[in-house]
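One structure is given here, and the rest of the page talks about it.
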Amino acid sequence: MTECRIRRRTLLAAGAAAIAAQPLRAEEPFPSRPIKILVGAGAGGTTDITARLVGDKMGKLLGQPVVIDNKPGASGTLSVAQTVRAPADGYTLVWVGNSVMAISPYLYKNPGYDVKTLIPVGQATTSGFILVASPTLGVNNVKELVAYGKTHPGQLSFGSNGVNGSLHLLAELLKSEAGFEALHVPYKGGAESASAILGGNIQFLFDALSSNIPLVRSGKLKALAVTGPQREKELPEVPTMAEQGYPGMTTEVFFGLVAPPGTPHPVVMKLNETMGKALEDPAVREALQRSGNEPKFSTPQQFRTLVDKEGTRFGALLQAKGIQPE
């Protein structure tokens with residue numbers, strides 16, 4: 001064997017030994033790069049506002065940007081379906097609410113995801129829905145709305161952000177309990193349905209509280225009721241549905257974070273802990289409350305329990321209406 005070959009082999013062996021002697025490189029701490037939160041609604045609505053308020057503070061606490069990526073469509077299911085296909089590493093999350101977690105799974109045979117496999121990070125906010133009417137209708141409460149519907153058959157219409165979404169189903173539940181008829185006019189989103197009622201194309205609707213507070217205060221819409229268990233701090237003069245004789249319509253809007261199936265538990269708990277700290281920040285709490293949302297932090301398991309409970313409730317309502325998964 002030539003001296004050159006011997007020398008080369010000696011150098012290779014020495015290099016291999018040096019590499020083997022080095023300690024294993026530690027995994028990078030989470031997070032080491034920006035985190036993306038998908039939002040299944042357009043910019044400016046309640047879903048988007050709550051996600052940005054909480055996500056921005058989480059990013060500051062984590063030392064990495066939290067980027068909000070709006071993915072509207074199919075009542076929010078597209079954003080969840082995209083999330084379940086993302087790597088289970090905590091860098092892609094989705095901001096979810098009642099519709100995609102408790103209603104869509106009962107409406108579609110294949111919404112693109114299985115709620116039971118999603119990894120809950122935690123609940124972040126809660127708020128009530130609000131029932132509003134056009135001031136030109138001349139009604140001031142639920143009783144008067146129901147009376148109008150009964151005495152003016154075929155003249156009432158209501159809007160929602162989509163067929164069989166939570167806003168549509170609430171109106172159907174009211175119609176069923178009160179015994180009156182009204183035509184449903186679905187729109188692509190909350191902004192379109194708001195424009196429709198302001199333009200006189202529909203007469204009433206259930207909607208998220210936050211986006212309607214300015215319209216009610218300015219007199220552009222008439223608030224008839226809120227759906228929470230108590231009156232809302234921002235509109236204390238507006239009675240609840242229960243106060244007006246409809247306790248079965250008490251319901252709340254929730255928003256929270258969910259991760260793809262298989263996301264490691266330490267990563268989930270890191271995100272949960274950070275979200276809890278973000279919700280303790282006075283500026284975040286005040287901003288959420290101004291928008292009509294109350295901070296409500298939960299553990300992953302508590303969020304799972306809430307989703308299961310709401311799913312059972314809306315699933316029963318859909319079954320009672322004879323709606324089968326498509």
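V67 places none of its side-chain heavy atoms less than 4.5 Å from the side chain of I37. Between K36 and V66, the closest side-chain pair of non-hydrogen atoms is not below 4.5 Å. Between V84 and L118, the closest side-chain pair of non-hydrogen atoms falls below 4.5 Å. Between Q230 and T240, every side-chain heavy-atom pair lies at or beyond the 4.5 Å cut-off.
Between the side chains of Q123 and Q302, no donor-acceptor pair of N or O atoms lies under 3.5 Å. Under the 3.5 Å distance criterion, with hydrogens and angles disregarded, no donor-acceptor pair is assigned to the side chains of E294 and T126. A donor-acceptor contact closer than 3.5 angstrom is absent between the side chains of W95 and T47.
We find that R217 and E234 are joined by a salt bridge, their nearest charged nitrogen and carboxylate oxygen being less than 4.0 Å apart. Under 4.0 Å is where a charged nitrogen must lie from a carboxylate oxygen, and between R231 and E243 at least one such pair does. Salt bridge D308/R304: absent, no basic N to carboxylate O contact under 4.0 Å. Between D281 and K60, none of the side-chain N atoms (NZ, or NE/NH1/NH2) sits under 4.0 Å from a carboxylate O, so this pair counts as no salt bridge.
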Please tabulate, for the side chains in residues 166-173, all donor-acceptor contacts under 3.5 angstrom to protein atoms that are two or more places apart in sequence or on a different chain.
residue, atom, partner, partner atom, Å
H168, ND1, N164, N, 2.7
H168, NE2, E172, OE2, 2.9
H168, NE2, H184, ND1, 3.3
E172, OE1, K175, NZ, 3.3

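The backbone N or O of K309 lies less than 3.5 Å from no partner atom in the side chain of R313, so there is not a single donor-acceptor pair. The closest donor-acceptor contact from the side chain of T305 to the backbone of Q301 lies under 3.5 Å. Judged by distance alone, with hydrogens and angles left aside, the side-chain atoms of Y91 form no donor-acceptor pair with the main-chain N or O of P34 at under 3.5 Å. Judged by distance alone, with hydrogens and angles left aside, the side-chain atoms of N98 form a donor-acceptor pair with the main-chain N or O of F254 at under 3.5 Å. Using a distance-only test at 3.5 Å, with no hydrogens or angles considered, a donor-acceptor pair links the side chain of Y113 to the main chain of V100. Without hydrogens or angle criteria, R285 side chain to L279 main chain gives a donor-acceptor distance under 3.5 Å. Between the side chain of N272 and the backbone N or O of V121 there is at least one donor-acceptor pair closer than 3.5 Å. Of the possible donor and acceptor atoms, none in the side chain of T92 sits under 3.5 Å from a partner among the backbone N and O of T83.
A pairwise comparison of heavy atoms in I119 and T263 identifies CG1-N, 4.2 Å as the closest pair.
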Intermediate values then yes/no, side chain to side chain contact (heavy atoms under 4.5 Å, CB included), L198 and L215: CA-CA 9 Å; L198 291 171; L215 297 173; 4.2 Å; yes
Steps toward side chain to side chain contact (heavy atoms under 4.5 Å, CB included) verdict (S99, S104): CA-CA 6 Å; S99 182; S104 294; 4.1 Å; yes
Set out, in order, the CA-CA distance, both residues' side-chain angles and the distance that settles side chain to side chain donor-acceptor pair (under 3.5 Å) for S157 and Q203, then state yes or no. CA-CA 6 Å; S157 61; Q203 286 75 52; 2.9 Å; yes
Determine, stepwise, if the pair Y148 / F180 fulfils ring pair (Phe, Tyr, Trp, His ring centres under 6.0 Å). CA-CA 9 Å; Y148 187 97; F180 73 101; 9.8 Å; no
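Residues F158 and F204 bring their aromatic ring centres within 6.0 Å.
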